[in-house]
Structures are given as structure tokens and as C-alpha cells.
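Right, one structure below, let's go through it.
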Amino acid sequence: MYDLKFIRSHEALVREAIARKRESADLDRILELDRRRRERLGEVEAMKSERNRRSQEIGRAKAAGREVDGEAAAVRALGDRIQALDEELRGIDAAVEDLLQWVPNIPDESVPIGDESANQVVRAWGEPRREEGLRDHLELGAALGILDISASARMSGSGFSVHLGAGARLQRALIDFMLDFHCARGFREVRVPYLTRAEALFGCGQLPKLHEDMYALPAEELFLIPTAEVPLTNLHRGTTLFEKDLPIRLVAYSPCFRREAGAHGKQTHGLVRLHQFDKVEMVKLVLPETGADELESLTAAAEGVLQALGLPYRVVLLATGDLSFAAAKCYDLELWAPGEGRWLEVSSCSHFTDFQARRIGLRYRAADGKLRHLHTLNGSGVALPRLTVALLEHYQTPQGTVRLPEALAPYMGGLRELAPPAGGAEG
RNA sequence: GGAGAGGUGGCCGAGUGGUCGAAGGCGGCACAUUGCUAAUGUGUUGUGGGCUCAAAAGGCCUACCGCGAGUUCGAAUCUCGCCCUCUCCGCCA
């Protein structure tokens, strides 16, 4: 969130950002309210100054034994007028606050302008399999006895999944593998709450915009997290860090909960879009001047996972219209899913500049002694269900088995291949 | 869930109606001094907002002692609500 001072002095930039991100923040109204606010503020502060001065005089007069009733009554009247003005001011502040929440982050200069069609594939890795007759993950999962979507549907409805046997272990193995992978590269493992308050979500920019996508527990005033980004980014909420403590690189596993309101359709079958899914998430808190580089290395970290698993992917630089509300720049990582015959987004690596830091109250004391907001970044490293889709579909063999990447062997108890259950027994 | 205690500046910790943005200490910074990255001395050191200034510096004003209301001429200090922490009891994976 930007403050009024910034918006006042960067009006054109903000106006452009709103348009390019296809947001609808009412900048004119904000600027008008800002003018009114400063006008009123000047008045009320002058009156407060007077009240303070006269109150002190009353104190001195009383100490000297003089009578003060008349003056006290006069100051009281002044106080009443202050109260009325303050109330008006509070109203203006609240209105401005409401409007400010809808002002999006400004896209970085390197971000292509336009809608989804302006997204740029910046690089690709690996050879996508494109033969005919490849099975999709649902067929493979059923044949191998490791995935049962209808079982989850019976108890929870659509948008959930049940993994069985080696399939369940595969999920656990992937989580462990990814956590180890990132920890070995300087990220600190964190275990986080899966329920947070609205403030934490607001800080990340999930609220107010994505309210409809959130699972809420009204009785507790808590929300199920849509991603571990929320607890990780809020880890140091409201504190002042020292420059020497930065960068802070965090990684956490968490389940993620999303209502995905209105998202049901043909491209969401199987594990492609779920209400609950597992994800390993990275978050960085960094110095502003290193933000751009940190985004590149963050993206590289997520790519590292995919490379270690030998899965073909491509990196997409999102255009302004596709960029999320709080992001200034974002790379999506997409895995090739041969059975689906399409690319699936498994990671989103974003640089939020100081947008989240302002909302969360994340500052650091710079070497020159000044307080500044730091920069936040996050990236999936990576999301499990679609990774599973790509893995099953990519490593399927003509024999109906699925080979497992060598990197997972230690996490699978040495198992190197998923095979259909023998004699119809359960896997 | 019940009973009690408490939340003050980067940290520790005083402060129960006025001159308190807040003693003292630690830490930080500057200078001085000492035969050296130690010790000592002196000074300095919060944040947000508004106005002023071409800008910066500076200056003036205002707000902030967990959060929000209230009492009062005047609130860190009194009252109410909320949040959080700690201790004891209960419950519990």
C-alpha cells in the first residue's frame, strides 16, 4: 500500500499502474480527500496547540492560587470544537484508507505492458514429451492405485484429493526433498500457523481484493491461509530489522486453502486445481537495492527443484495485466504436462518492492541510520499437485509404470519406480 | 474455561493527573583522551503526520507510553471495552 505522500507526488505513475493492472482504484477521489484532510488537519492542529497552551496556563494559575473557572470553561468549549473536527477528520481518514487499499503496486519497468497475451516466455529447460497416447495423471493415478479423487469427493466434495500408498509417500518425499533443497541453499526452515487473522492477509495484499477466495472461520475471526506466504511474510510484522540481519530467506511447507470461487471448469479436473493443496513456499526479506537480483535468484531456486527432478519447464514473465495486485514483477514457472498436453503453473516468483512491507510494518535501519521499508519477495518452491501431475505424466513408461527421479530415491526408501499393484491388490 | 499479574523508546527499566517524548542504564553515533579494534570522559541519539523551505538541512506545530473509546481545562498516569504475555487451577492431542 502506498501512502498519501507518495501518491500525491507520483500521481501520473500511480494512475498508469491502476490502468495497466486493470484495477479500479479511485485516484481522483483519493487526491480530493487528501486535500480536504490536510486542510482540516491544519485547522484542528492549530486549535490543539492553543488548547495545550491555555491548559498549561490554567495549571500555573491554579498553582498560584488564582481562580480559573472561567478560563477552564472557555477551553472546554474549544475542546468541544476540536472533538467535532477530529471526528470529521477521522471520517476522512477512514474513507481515504478504504480507497488506498485498492491502489495496486506499480509494475516494474521491465514488465511487458498488456494483458495475458503480452506475457513473455523468457527461457525454457528440458525436452517436453509430445508423443501420442500418453495417459493423464488421473488414469495413471488410478492404474497405480495411488490417487483417488472420488474418495475425496465423497467426504469433501470436488476440489480435494486422496493419495494412497506410494502416492502418499511421494507427496511426503517431495515436501522433504524441496525443504532440504532450499535449506541447503541458505533458506531457513519455518513451521507456521495455517490460520491467520485478517491483518496478516491484508498485509500480503490477499485482502481486501481476494476476499471471495478465502476460507473464513467467522466465529474465530480467522482465515485459512491460501499460501504459506502469509505467515512467512508476516513473521517479522511490525518490527524494525537491522541491515546486518538482511537478507532473511525463509522456506516453509504448508497446506493451502482456496475457495477458487467460479473457477470450476474443464481445465480444472484432477489435481490441477484444488481447494486444499500442499506447497513449499519461499519468502525473502531484503534490502531494496538487492530486490531485483533476489527475484532472479529466487526464481533460480524454484527452477533448481524442477531441474533436480528432471522435469521440462518454461519461465514466463507476466505482463502488467496478469500481474497480481501486490506484485511489481513476477515470473511464473510452468511444467509441461504431457498427458494434459499443456503447461501448468507450479510456481509464481514475485517481487513486491516495499508494497507489502508498508502494509505489514516491516522496516530496517539502514547503515546511514535512516528507517526504510524493506523489500519482500516470495516464490513457490513448488506447489505439489501440479508437480505430481507433471511428474506422473512425464515419467510414465509404455509398461504402465512411472519412473521416479533419482533425486527422490533417498526420500522414497530407495523406491525408483511406481508400478500397478500386483494381482489387483491395493498399492 | 476460572483466578491473578503485567504490556513504557533498539533493549532493560523508572514514572499514579500538569512543566513527561518520558529518569536511569545498555546499545548506537560524534568528539576528546589514552603507545595501538580495550578503557575513560563529554555530548548526542524515537517514530508518524501537517506546515515552512525551490530541494535538502533546519525550523514550527501536532500525535504517539499494547489497541480503541471515555472522564478532565489538562492523561503514560483515572474509567470502560478489546488484544497480547506471564503465573496458578481446570481441560486436553
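The sequence lines fix the lettering, A, B, ..., with proteins before strands; numbering per chain opens at 1.
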If pairing requires Watson-Crick or G-U wobble contacts with both distances under 3.5 Å, which nucleotide is the partner of [N]?
N	answer
B:C88	B:G2
B:A30	B:U42
B:A93	none
B:U71	none
B:C51	B:G59
B:C82	B:G66
B:U77	none

Sugar-phosphate only, base, or nothing, as touched by [X] at under 4.0 Å among non-hydrogen atoms:
X	result
A:K5	sugar-phosphate
A:R66	nothing
A:D69	nothing
A:I58	base
A:R363	sugar-phosphate
A:T240	nothing
A:R54	nothing

Exercise for review: For B:A55 versus B:C67, give the span between their C1' atoms, rounded off to a whole number of Å.
Suggested key: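 Their C1' atoms lie roughly 38 Å apart.
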Exercise for review: Taking atom C1' in both B:A93 and B:G2, compute the distance separating them and give it to the nearest angstrom.
Suggested key: 22 Å
Check your understanding: More 5' along RNA chain B: A:L371 or A:L4, using each one's nearest nucleotide?
Key -> A:L371
Check your understanding: RNA chain B: A:R51 or A:Q83, which has the more 5' nearest nucleotide?
Key -> A:Q83
Exercise for review: Specify the separation, in whole Å, of atom CG of A:L85 and atom C1' of B:A63.
Suggested key: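 Spelled out: CG on A:L85 to C1' on B:A63 is 15 Å.
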Point to revise | Length of the line joining A:E39:CD and B:G50:P, which is rounded to integer Å | key: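 Distance check: A:E39 CD to B:G50 P gives 14 Å.
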Can you figure out which of [options] approaches the side chain of [X] most closely?
X	options	answer
A:K62	B:G18, B:G50, B:G46	B:G18
A:S49	B:G49, B:C61, B:U47	B:C61
A:R90	B:A69, B:C73, B:G46	B:A69

Point to revise | Lys NZ or Arg CZ of A:R185 over A:F187 ring: under 6.0 Å, within 45° | key: no
Review point. Is it true that the NZ or CZ of A:R359 lies under 6.0 Å from the centre of A:F202's six-membered ring and within 45 degrees of the ring axis?
Key: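 Geometry flag: set, cation within 6.0 Å and 45°.
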Point to revise | A:R60 vs B:U19: side-chain N/O to OP1/OP2 distance below 4.0 Å | key: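 No, no such contact exists.
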**Study point:** Option among A:R54, A:R53, A:K48 that satisfies the side chain to side chain donor-acceptor pair (under 3.5 Å) test with A:E50
**Key:**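 The single option meeting the side chain to side chain donor-acceptor pair (under 3.5 Å) with A:E50 is A:R54.
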Review point. Distance from A:T376 atom OG1 to A:H351 atom NE2, nearest 0.5 Å?
Key: 7.0 Å
Check your understanding: Less than 3.5 Å between a donor and an acceptor, one on the side chain of A:Q56 and one on the base of B:G74, is that the case here?
Key -> no
Exercise for review: Check the angle between the aromatic planes of A:F177 and A:F181 and answer parallel, tilted or perpendicular using the 30° and 60° thresholds.
Suggested key: tilted
